[in-house]
Number of protein chains: 2
Amino acid sequence: MLPDGTEREGGVSMSRAHELRLVSRIAQMYHKEGLRQAEIAQHLRLSQATVSRMLKRAVHEGIVRTTIIPPPGTFGDLEDCIRSSFGLSEVIVVDCTEDREAAIMARIGEAAAHFLEVTLQDGEIIGVSSWSQTILRMVENVHPMRVGRAAYVVQTLGGLGAPNVQDHATHVTMRLAQLTGAQPRLFSVPGVAPSREARELLMADSFVQETMSLFGKVTLSFVGIGPLSPSEMLARSGNAFSEAEIDQLAGAGAVGNMSLRFYDQKGQPVRTRLDDRVIGMTLDEMRGVGRHVALAGGRNKTEAIAGALRTGAVDVLITDKFTASRLVQMQVQGQEHATL
Amino acid sequence: MLPDGTEREGGVSMSRAHELRLVSRIAQMYHKEGLRQAEIAQHLRLSQATVSRMLKRAVHEGIVRTTIIPPPGTFGDLEDCIRSSFGLSEVIVVDCTEDREAAIMARIGEAAAHFLEVTLQDGEIIGVSSWSQTILRMVENVHPMRVGRAAYVVQTLGGLGAPNVQDHATHVTMRLAQLTGAQPRLFSVPGVAPSREARELLMADSFVQETMSLFGKVTLSFVGIGPLSPSEMLARSGNAFSEAEIDQLAGAGAVGNMSLRFYDQKGQPVRTRLDDRVIGMTLDEMRGVGRHVALAGGRNKTEAIAGALRTGAVDVLITDKFTASRLVQMQVQGQEHATL
DNA sequence: ACGGAGCCTGCATTTTTATGCAACCCTGTG
DNA sequence: CACAGGGTTGCATAAAAATGCAGGCTCCGT
């Protein structure tokens, strides 16, 4: 120290302090006062490029920090976690007060409707796996759009035999087509044919053929994810699967299905003779869809969802916060297991 | 509430929640993941314009917030306050451990040197009011630049009579010219002529004329601010002013000077016969300078500084934090007074 | 049911920002 | 002392972001 309080060796750090002051001042002008870089440059007699670099430096030095305050009822961290650990394109986790099927479906439906409205492109070919409650909820929440927004709405799984379910399937497809201003492409066959032969026969129909020819062209599809044990609707439909068939699937390790295409815990397809009776999109076809959106939530579907995500067919998952946390937890445990 | 937990009327706010989720997600992608708006748009199937608007909305809704963390030792608030209340273009407040003249001058000098280095344009004509300690400190801290960076360094106040001070004045000017690669323009006359007539005589010199002709062309000038009572150097210089003259100035309300041009508390010039003996830039000429930078700090100069800022001649003030707070406080009190 | 105000969208364009480049300067080294 | 190497800068330009505009939709009021 010199008598006047100056340090001899302090030059560098001192100069740095002055630089930081300048950086900070520029940040102030830019972010708080809303000035353009060029204006700041002019005011301070330096080039716009330098101002730009100073601002970059301000971020680097931690002088400016941008925080994202997630609005309540959003779960960015859960979404991130699921997105990255299952390699999905997008994940939407919705808030939900109780972990009950009905409430969850309603919320997921809303979110899916919003997703559809926001991201639907002109001329898309939409696939709907028509008999999921959740998808019905989605359709109920879609606002009508101008005609011709989407090109087709294609039913990707036959309506089941029983009339009430037939109605449901048809209704969902027709309604969605109407709302998106698209042409509906119904699939007037049972989702599960009585036999392999019956399936062949049904699929020979030219109407059916026409619809199926669109499967490969679907750009956006919505499916529910079903657990192994038959859903309420499936059961009501007239018990399409026999007890024995379920057992067979279980034995082969199946954990769930999308449009009645089953897969195991690891996402591997579980092929049984049942496949030869189902009339609808296959897992491979789902994989080929530009954006294959799965809608599902609920305690009993957790395993089914995890498996579905591992099939590689799902691009977007919309689920609830409870199920989302279970998925994350499951994934963590799985990894621990794998590391051992 | 419906039995499944859905609300009938909740549509709007619910949809809003989904929108906010999207906005938040976009903010995440943009700020955290560093994606381009176009990439986000592509990923989410919407236009880049929409993404831009969403991001603006994110700021508006308070989802993204950018904070500026001022580096320690910076005083943005003080600077703002002084800048706005005195209508200055820039204010630099430097950190300083003690409220002592010598330490303050050293710090201000450093800051001024940095300011000079950063903001000096090619071909500028720099004015220096050569006999302030603070300006000497500045010059000591300037790093040499390539030749021709500045065009001229003009001495804006005569060097005083006594040889040591003469040297000081010359040294400052020459050194700064050397450092900035400019041509020096010395002012080889006393700052205070013995009489009005002597002044006329001295100013007739062609060298002197030449230097003075540059006064109107100075683009950047540095002055110290002096209190009413003579500074140490002024005193040492051979007591250029008489006791009587000081009294006269005080009687006229003078509170300080820049280059021996005095003004009162309100910044109004205080003209006395002294003016006819001073050889140097006038207040009006200072006002005409593109960037007139005043360097000063210290308890005994506070009033002088406040007055100087009100002359309208000062564009940039560089001072210390102690003096800065005193200025702010003074200004606040002044306003209270005015409102009564 | 019709028509207009208000709002939102995407497109095309402008405005603003970032960056490759060449020149330059300081520094440390052979 | 010359010179390579790392780090600046400003300029020109590419890249990215913002915005005016026109068309279309929704919501009201008539």
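The basis for the numbers below is simple: all heavy atoms, side chains too, and nothing from hydrogens, waters or symmetry mates. A, B, ... follow the sequence lines: proteins, then strands. Residue 1 opens every chain.
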- Query: Could you give the CG-to-P distance, from B:Leu46 to C:dC8, as a whole number of Å?
  - Reply: 15 Å
- Walking DNA chain C from its 5' end, the first of B:Ala49 and B:His143 to be reached, judged by nearest nucleotide, is B:Ala49
- Item | Length of the line joining B:Gln121:CD and D:dT9:C1', which is rounded to integer Å | 12 Å
- Query: Is any side-chain N of the basic residue among A:Arg45 and B:Glu124 closer than 4.0 Å to the acidic one's carboxylate O?
  - Reply: no
- Message: Taking A:Arg57 first and then A:Glu19, would you say they form a salt bridge - that is, a charged N and a carboxylate O separated by under 4.0 Å?
- Response: yes
- Message: On DNA chain D, compare the nucleotides closest to A:Met54 and B:Tyr30; which residue's is nearer the 5' end?
- Response: A:Met54
- Message: Just to verify, which of B:Leu317, B:Ile135, B:Thr134 counts as forming a side-chain contact (heavy atoms from CB on, under 4.5 Å) with B:Ile108?
- Response: B:Thr134
- When the distance from CD of B:Gln37 to P of C:dT16 is rounded to whole Å, what number comes out? 15 Å
- Minimum-distance nucleotide to B:Thr50 side chain [options: C:dG10, D:dG10, D:dA18]: C:dG10
- Message: So that I can tick it off, tell me whether B:Glu117 and B:Arg149 are bridged by a salt bridge, with the cut-off set at under 4.0 angstrom between side-chain N and carboxylate O.
- Response: no
- Message: Please tell me if B:Ser52 has a side-chain N or O lying less than 4.0 Å from either OP1 or OP2 of D:dA17.
- Response: no
- Query: Which of these nucleotides, D:dA18, C:dA18, C:dT16, is closest to any side-chain atom of A:Gln48?
  - Reply: C:dA18
- Quickly work out the B:Lys56 NZ to C:dT9 C1' distance and round it to whole Å. 15 Å
- salt_bridge(B:Arg83, B:Glu90) N-O dist < 4.0 Å: yes
- Message: What is the separation between atom CG on A:Leu55 and atom P on C:dT17, rounded to the nearest whole Å?
- Response: 9 Å
- Query: CG of B:Leu44 versus C1' of C:dG10: gap in Å, rounded?
  - Reply: 16 Å
- Task: Would you kindly give the CG-to-C1' distance between A:Leu35 and C:dT16, to the nearest whole Å?
- Result: 14 Å
- Would you mind reading off the distance between B:Glu117 atom CD and D:dG10 atom P, rounded to a whole angstrom? 13 Å
- Item | Nearest listed nucleotide, side chain of A:Arg53, among C:dA18, C:dT19, D:dT19 | C:dT19
